[in-house]
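The structure appears right after this line, and notes come after that.
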Amino acid sequence: AKALQVKVALQGGADGRGAAGRGRPGMSPPLAGSDYLLGGKERAVGVVVNGLQGEVVVNGNKYNSVMPAMVQLSDQEIADVLTYAMNAWG
């Protein structure tokens, strides 16, 4: 159930990446075709588990925002969310 809530948020919730995962210029980086997301499983898991704050470069564009840690998710839910993101937009 929590993983489903995160999937909904990734699609268009709090930071509004949109159903196509394209992000919002200057606000939230895209998940669709994201070199950052595809840069390694460990990094992707780390962002979900630990959150992310500060500047990142995704597909050559700079973003400086906050993604809170998703400490409420179990290991299985984290795997489900990342599998969804990779399959939907990777």
Side-chain angles (χ1 to χ4, degrees):
K2 286 181 264 182
L4 178 59
Q5 292 170 351
V6 173
K7 288 178 191 177
V8 170
L10 289 173
Q11 287 179 329
D15 65 5
R17 285 189 170 76
R22 289 189 219 126
R24 299 174 101 185
M27 294 182 67
S28 59
L31 295 175
S34 169
D35 59 355
Y36 194 88
L37 178 64
L38 299 174
K41 292 177 188 176
E42 293 82 14
R43 177 167 58 186
V45 170
V47 169
V48 174
V49 171
N50 301 312
L52 183 66
Q53 183 172 350
E55 186 175 281
V56 295
V57 178
V58 179
N59 298 342
N61 297 305
K62 292 181 183 179
Y63 297 87
N64 192 346
S65 58
V66 176
M67 179 182 157
M70 308 230 176
V71 296
Q72 73 277 19
L73 298 179
S74 69
D75 289 350
Q76 184 61 55
E77 289 168 328
I78 292 167
D80 292 346
V81 166
L82 289 174
T83 297
Y84 172 82
M86 297 285 192
N87 289 333
W89 302 307

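We count residues from 1, following the sequence as given.
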Looking at [atom1] of [X] and [atom2] of [Y], how far apart are the two atoms once the value is rounded to the nearest 0.5 Å?
X     : Y     : atom1 : atom2 : value
Leu31 : Arg22 : CG    : CZ    : 12.5 Å
Ser74 : Asp80 : OG    : CG    : 7.5 Å
Ile78 : Gln72 : CD1   : CD    : 8.5 Å

Can you give me the closest heavy-atom contact between [X] and [Y], atom names plus distance?
X     : Y     : result
Leu37 : Ser34 : N-OG, 2.9 Å
Val47 : Met67 : CG1-SD, 3.7 Å
Met86 : Leu38 : SD-CD2, 3.5 Å

(request) Would you check if the side chain of Asn59 reaches a backbone N or O of Asp35 as a donor-acceptor pair within less than 3.5 Å? (result)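 Yes; judged by distance alone, with no hydrogens or angles, the pair exists.
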(request) State, with a plain yes or no, whether a side-chain heavy atom of Leu52 is found less than 4.5 Å away from one of Tyr63. (result)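 Result no, sub-4.5 Å side-chain heavy-atom pair not found.
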(message) Tell me if the CG atom of Asn64 is crowded by more than 12 foreign heavy atoms within 6.0 Å.
(response)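 Yes - once you tally the heavy atoms of other residues, nucleotides and ligands closer than 6.0 Å, there are more than 12.
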(request) Report yes or no: do Val56 and Val49 belong to one cluster of Ile/Leu/Val/Met/Phe/Trp/Tyr joined by side chain heavy-atom distances under 4.5 Å? (result)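 Shared cluster, yes.
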